[in-house]
J.: 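Let me begin by handing over the structure; questions about it come next.
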Amino acid sequence: MDACVIRDFVAVLGRDNVLTEPTELRTYECDGLTGYRVVPALVALPGSAAEVAATVKVCARHGIPFVARGAGTGLSGGALPVADGVVICLQRLRRVLEVDPMNRRAVVEPGVTNREISRAAAPYGLYYAPDPSSQQVCTIGGNVAENSGGAHCLKYGFTVHHVLAADVVLADGTVTTLGGDSPQQPGYDLLGAFIGSEGTLGVVTRVVVRLLPKPATVSTVVADFATVAAAGDTVTSVIAAGIVPAAVEMLDNLTIQAVEAAVAAGYTADAAAALVIELDGPDDEVTEQFGQVLELCRRHGSTNLRVAGDPAERELIWRGRKAAFAAAGRLSPDYIVQDGVVPRGRLGEVLVRIAGMADAAGLRVANVFHAGDGNLHPLVLYNRAAGELERAERLSTAIAELCVELGGSLSGEHGIGTDKACSMPAMFTQDDLDTMQRLRAAFDPEGLCNPGKIFPTPRLCGERPGPYRPHPLEVAGVIDRW
Amino acid sequence: MVTRLRPESLAELRDAVRDGPSRLLITGAGTAAGWGGTPAPHDAVLDVTGLNAVLAYQPSDLTVTVQAGLPLAALQDVLAKKGQQVALDAGRIARGATVGGLLATADGGPARHTYGTLRDCVIGVTTVLADGTVARSGGRVIKNVAGYDLAKLFHGSLGTLGVIAEVTLRLHPLAEASCTVAAACTPERSLELAHRMMRDALEPVALEWYDGRLLARFDGTASGVTRRARATGFEEADPSVWQEVADVSLGGPGDTVFRIGTLPGLWPWVAARVRARTASPPVLSSSLGAGVHTVRLGNTTASSFDRLREDIAGRGGGTVVLRRGIEVPAWGPPPASVAVMRAVKQRFDPSDRFGAGRFTPWF
């Protein structure tokens with residue numbers, strides 16, 4: 001990067017908060033999707049919202065692309081740097097500015113971790129509901145960018161349902177506020193469109209989140225099954241009974257083995273599948289519905305029911321579930337996490353087909369997923385040293401696109417990022433994508449804000465397909481266009 | 001007489017937009033015709049009530065896809081047979097409001113306390129833009145983060161960005177039992193009572209101050225709702241009161257109706273300001289958890305209404321006018337993000353074909 005441009009950043013941030021040494025820059029070359037790496041030209045470490053705006057202004061003035069970054073735990077390469085571009089790291093903006101128990105909200109800076117918000121709210125009997133598995137380290141700014149979900153989003157929704165307002169630095173360095181003190185806001189819901197835009201519409205510098213009162217009762221069970229299909233049918237019966245559990249998670253045998261080896265959370269090592277079902281809410285409702293859930297598990301042939309006896313045991317069960325990705329390292333030197341979604345009714349079908357595809361590719365796939373909403377997290381296990389990377393990536397992409405074919409989505413919560421941008425034409429037509437680009441252009445006409453993410457580009461994906469294509473869901477017979 | 005276009009399929013809708021006259025006023029059932037600014041002269045009314053089919057209903061997935069002109073009440077009847085619902089109870093629904101219209105107006109009712117508005121239930125949308133582009137975003141599964149969520153953009157758009165053609169919604173189960181309670185109280189006192197109820201994790205599904213009383217509704221099992229209702233210490237109330245609350249937003253001839261969003265804790269201040277600025281007693285309701293207040297004035301002047309709106313903006317509140325019995329601008333001081341709204345409008349509808357006048361004087 002040109003020395004006089006670097007001087008502009010230094011003038012805004014001070015020498016200590018501008019990184020240009022190759023060894024320092026390498027720390028930022030990837031996020032949680034480590035297969036993609038790009039060393040940025042410069043890393044900016046602003047310490048305030050005003051410094052973020054000033055940094056973006058310098059970028060805008062020189063036409064330099066920039067990528068905002070929180071904790072770098074994203075799994076889709078959403079925070080992958082742009083070569084010759086700037087990474088704006090928001091880790092220094094990590095203050096909880098206010099917890100307002102009367103209005104049940106907290107005001108936080110973007111670098112505050114998800115878990116810290118609930119910790120700050122706990123003295124008031126309140127908590128922040130979205131709980132991605134990485135909540136110990138992932139930041140609220142990243143959660144806003146990715147519209148993060150978590151295990152409890154079947155009942156409680158996603159980040160977009162829990163953020164009331166955000167201060168945003170736009171691509172030209174101007175600052176605006178999206179949303180406000182109440183969900184009732186005049187005009188287009190720009191905040192709703194911004195959340196989940198994967199850092200392509202602006203940089204968040206302040207977030208107002210909604211806090212919920214802690215539920216009166218929580219009940220959790222781990223139910224073992226002899227087949228994955230029986231576990232899947234159980235989930236369908238629970239929903240059909242009019243019960244919306246706070247969480248329904250499924251782990252297959254490979255995942256159970258990995259989790260047990262890693263954290264010894266008390267899962268049954270030889271169960272073909274385990275369901276973690278959690279209900280929360282008022283006492284009577286939870287007690288009655290939990291009884292129904294246990295009965296449905298038995299009726300579907302559950303081989304073992306382990307009801308959490310106290311909060312510590314519940315915590316242990318969840319620690320096991322949330323450690324599933326990391327534990328996959330015990331099964332295989334390398335793995336890819338997928339994030340596709342299928343309509344819940346097709347869970348059994350998709351699992352059979354994934355198993356077939358894995359066999360054909362000569363690779364193993366462990367499955368752990370949010371069974372309540374059909375969000376799969378197949379873990380494609382491979383050995384890079386044995387030259388299996390390319391095969392694993394092909395399998396991983398094929399799984400994501402299979403989910404679309406079955407009427408679902410490429411991504412339930414990890415985002416499209418760099419990872420799945422080339423698969424977007426499997427889910428959306430060129431017209432759909434061009435329409436999304438209109439929103440992009442309204443926020444960032446120069447395309448400086450996290451370029452190369454979400455949308456397929458010739459550089460990343462090869463030549464674009466021609467202008468006419470039937471909608472992929474039409475081909476699948478899921479929708480009729482006309 | 002203005003031309004009326006009434007397509008009956010997505011293809012006909014696309015053609016009507018692509019080949020139709022320049023300036024179009026999009027309408028569903030017309031239950032929110034007075035919302036926002038007065039429409040500028042237009043060449044045709046584009047009536048989407050001919051698109052009224054249920055396209056796909058998967059009870060086991062808690063999702064439904066419908067054409068946007070379907071009245072929500074008709075959809076609720078279909079869903080109720082499977083013990084499910086769209087969790088929205090805006091006053092206009094009983095008057096035939098359509099799914100697309102309820103999304104475009106960002107309307108809500110007392111259940112917003114728990115379920116929000118259609119923004120919180122919509123998971124996919126198909127729209128027709130001014131140049132005839134048919135664009136989908138979102139999907140048909142509850143959990144999905146692929147691409148931008150354009151459905152959100154159309155929430156509150158009042159027919160100015162494009163035509164909402166199809167909508168996919170997430171559903172909620174109907175409760176087995178429900179119980180409504182009420183206690184007479186002032187707005188000040190209602191805040192304390194509401195806070196206590198939430199703190200005690202009683203989980204009211206709706207919590208609303210209306211006409212001198214704090215109302216709470218509990219949904220759940222028969223024994224559960226009775227126990228929680230009792231724990232409030234309130235009197236049991238007739239559940240028909242919820243329709244009355246929702247109906248505050250409707251108003252009649254000569255009424256001025258508007259909706260205000262503020263910090264929930266500002267509710268007593270809002271109530272006091274509204275009373276101070278109006279000659280005759282207003283009809284007021286407030287969703288205490290969300291900070292959404294609906295106000296109906298039978299008799300007011302333009303200058304006192306303007307002052308009231310400025311008072312509210314001064315405390316960070318936004319106001320949407322739902323009905324104007326007097327001549328006032330539809331919109332008060334614009335929010336900080338109005339420049340982005342203008343840019344979005346410019347990109348989606350550069351020749352201003354849809355709903356001109358709705359956001360005057362902002363754009």
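Just so we're clear, the structure is a prediction, and the values are computed from it rather than from any experiment. Reminder, nothing fancy here: chain letters follow the sequence lines and each chain counts from 1.
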J.: Can you tell whether the side chains of B:Arg136 and A:Asp432 come within less than 4.0 Å, N to carboxylate O?
T.: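 Salt bridge flag = no for A:Asp432 with B:Arg136.
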
J.: Indicate yes or no: does B:Arg228 engage A:Glu285 in a salt bridge with an N to O separation below 4.0 Å.
T.: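 Salt bridge flag = yes for A:Glu285 with B:Arg228.
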
J.: So what's closer than 4.5 Å to chain A heavy atoms on B:Ile260: side chain, backbone, both or neither?
T.: backbone

J.: Side chain, backbone, both or neither: which part of A:Phe158 has an atom under 4.5 Å from a heavy atom of chain B?
T.: side chain

J.: Rounded to the nearest 0.5 Å, how far apart are CG of B:Leu161 and OG1 of A:Thr435?
T.: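 Going from CG on B:Leu161 over to OG1 on A:Thr435, the span is 11.5 Å.
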
J.: Between B:Lys82 and chain A, with a heavy-atom cut-off of 4.5 Å, which part of the residue counts as in contact: side chain, backbone, both or neither?
T.: neither

J.: For A:Arg438, run the side chain to side chain contact (heavy atoms under 4.5 Å, CB included) check against B:Val344, B:Asp349, B:Leu150, B:Leu129 and tell me which one passes.
T.: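 The side chain to side chain contact (heavy atoms under 4.5 Å, CB included) with A:Arg438 is passed solely by B:Leu129 among B:Val344, B:Asp349, B:Leu150, B:Leu129.
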
J.: What's the shortest heavy-atom distance between B:Ala290 and A:Pro183, and which atoms?
T.: O-CD, 3.3 Å

J.: Return the orientation label for the A:Tyr188 and B:Phe363 ring planes: parallel under 30°, perpendicular over 60°, tilted otherwise.
T.: tilted

J.: At a heavy-atom separation under 4.5 Å, does B:Gln346 approach chain A through its side chain, its backbone, both, or neither?
T.: neither

J.: Counting only non-hydrogen atoms closer than 4.5 Å, does B:Val338 touch chain A with its backbone (N, CA, C, O), its side chain (CB onward), both, or neither?
T.: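 Neither part, no heavy atoms under 4.5 Å.
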
J.: Quick one: does A:Pro213's side chain get under 4.5 Å of B:Arg199's, heavy atoms only?
T.: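 Side-chain contact under 4.5 Å: no.
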
J.: Go through the atoms of B:Asp107 and report whether side chain, backbone, both or neither lie under 4.5 Å from a heavy atom of chain A.
T.: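 B:Asp107 has no heavy atom closer than 4.5 Å to chain A.
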
J.: Check whether B:Leu263 gets within reach of chain A through its side chain, its backbone, both or neither, counting any heavy atom under 4.5 Å.
T.: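 Both backbone and side chain.
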
J.: For B:Gly318 and A:Pro186, work out which heavy atoms get closest and say how close.
T.: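 The pair with the smallest heavy-atom distance is CA-CD, 4.2 Å.
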
J.: Rounded to the nearest 0.5 Å, how far apart are CG of A:Asp373 and CG of B:Asp61?
T.: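 Going from the CG atom of A:Asp373 to the CG atom of B:Asp61 covers 10.5 Å.
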
J.: Check whether B:Glu176 gets within reach of chain A through its side chain, its backbone, both or neither, counting any heavy atom under 4.5 Å.
T.: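 Only the side chain of B:Glu176 comes within 4.5 Å of chain A.
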
J.: Do A:Gln184 and B:Val320 touch side chain to side chain, with heavy atoms closer than 4.5 Å?
T.: yes

J.: Testing the basics here: between B:Val145 and A:Glu146, what is the closest heavy-atom pair and its distance to 0.1 Å?
T.: CG1-O, 3.9 Å

J.: Measuring heavy-atom distances to chain A, does B:Thr319 have an atom under 4.5 Å in its side chain, in its backbone, in both, or in neither?
T.: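 Just the backbone, heavy atoms under 4.5 Å.
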
J.: Is B:Pro173 close to A:Val244 at the side-chain level, that is, under 4.5 Å between some pair of heavy atoms?
T.: yes

J.: Answer yes when B:Asp200 and A:Lys214 have at least one side-chain N-carboxylate O distance shorter than 4.0 Å, and no when they do not.
T.: no

J.: Counting distance only, does the side-chain N/O of A:Ser182 pair as donor-acceptor with the main-chain N or O of B:Gly291 below 3.5 Å?
T.: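 Yes, because the side chain of A:Ser182 sits within donor-acceptor range (under 3.5 Å) of the backbone of B:Gly291.
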
J.: When heavy-atom pairs shorter than 4.5 Å are enumerated against chain A, which of B:Gly147, B:Gly316, B:Gly83 gives the highest number?
T.: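 Heavy-atom pairs under 4.5 Å are most numerous for B:Gly147.
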
J.: Less than 4.5 Å apart, any side-chain heavy atom of A:Asp189 and any of B:Leu153?
T.: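 No; the side chains remain at least 4.5 Å from each other.
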
J.: To check you understand the geometry: which heavy-atom pair defines the closest contact between A:Arg105 and B:Pro264, and what is its length?
T.: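 So the two residues come closest at NH2-CD, 3.2 Å.
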
J.: Tell me, out of A:Pro343, A:Ala193, A:Gly125, A:Gly196, who's got the most heavy-atom pairs with chain B below 4.5 Å.
T.: A:Pro343

J.: Is A:Leu212 close to chain B through its backbone or its side chain, or both, or neither, when contacts mean heavy atoms under 4.5 Å?
T.: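 It is neither, since no heavy atom gets under 4.5 Å.
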
J.: Looking at B:Ala104, B:Ser337, B:Pro335, B:Gly138, which one has more heavy-atom pairs under 4.5 Å with chain A than the rest?
T.: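 The candidate making the most pairs under 4.5 Å is B:Ser337.
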
J.: What distance separates A:Ser409 OG from B:Lys143 NZ, expressed to the nearest 0.5 Å?
T.: 10.5 Å

J.: Below 4.5 Å from any heavy atom of chain B, which atoms of A:His370 appear? Answer side chain, backbone, both or neither.
T.: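 Looking at A:His370, just its side chain touches chain B.
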
J.: Pick one of side chain, backbone, both or neither for A:Glu413, based on which atoms fall under 4.5 Å of a heavy atom in chain B.
T.: both

J.: Has A:His161 got a side-chain atom pairing as donor or acceptor with B:Asp120's backbone, closer than 3.5 angstrom?
T.: yes

J.: Report which part of A:Ala216 has an atom under 4.5 Å of a heavy atom belonging to chain B: side chain, backbone, both, or neither.
T.: both

J.: Going from CZ on A:Arg104 to NE2 on B:His195, what distance comes out if it is rounded to the nearest 0.5 angstrom?
T.: 7.5 Å

J.: When you measure from the side chain of A:Thr176 to the backbone N and O of B:Ala336, does any donor-acceptor pair fall under 3.5 Å?
T.: yes

J.: Under 4.5 Å from any heavy atom of chain A, what part of B:Leu288 do you find: side chain, backbone, both or neither?
T.: backbone

J.: Looking at A:Asp284 and B:Gly224, what are the two nearest heavy atoms and their distance?
T.: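 The pair with the smallest heavy-atom distance is CB-CA, 3.4 Å.
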
J.: Starting at CG of A:Leu190, measure out to NE2 of B:His155 and round the result to the nearest 0.5 Å.
T.: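 Between A:Leu190 CG and B:His155 NE2, I get 12.5 Å after rounding to 0.5 Å.
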
J.: For chain B, find which of A:Asp100, A:Leu126, A:Leu154, A:Leu170 contributes the most heavy-atom pairs closer than 4.5 angstrom.
T.: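 So the answer, after comparing A:Asp100, A:Leu126, A:Leu154, A:Leu170, is A:Leu154.
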
J.: Would you mind checking which part of B:Phe359 comes under 4.5 Å of any heavy atom in chain A, side chain (CB onward), backbone (N, CA, C, O), both or neither?
T.: side chain

J.: How far apart are the closest heavy atoms of B:Val141 and A:Val342, and which atoms are they?
T.: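 Closest heavy-atom pair between B:Val141 and A:Val342: CG1-C, 3.8 Å.
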
J.: Is a donor on one side and an acceptor on the other found under 3.5 Å between the side chain of B:Arg347 and the backbone of A:Leu439?
T.: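 A pair under 3.5 Å: no.
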
J.: Between B:Arg315 and A:Asp181, does a side-chain contact (heavy atoms from CB on, under 4.5 Å) hold up when you go through it step by step?
T.: CA-CA 10 Å; B:Arg315 300 291 293 266; A:Asp181 288 341; over 6 Å; no

J.: Is there side-chain contact between B:Asp149 and A:Val160, with at least one heavy-atom pair below 4.5 Å?
T.: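 A side-chain contact is absent here, since even the closest heavy-atom pair is not under 4.5 Å.
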
J.: Side chain, backbone, both or neither: which part of B:Thr262 has a non-hydrogen atom closer than 4.5 Å to chain A?
T.: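 Just the backbone, heavy atoms under 4.5 Å.
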
J.: Going by ring pair (Phe, Tyr, Trp, His ring centres under 6.0 Å), B:Tyr148 matches just one of A:Phe194, A:Phe455, A:Phe428. Which one?
T.: A:Phe455

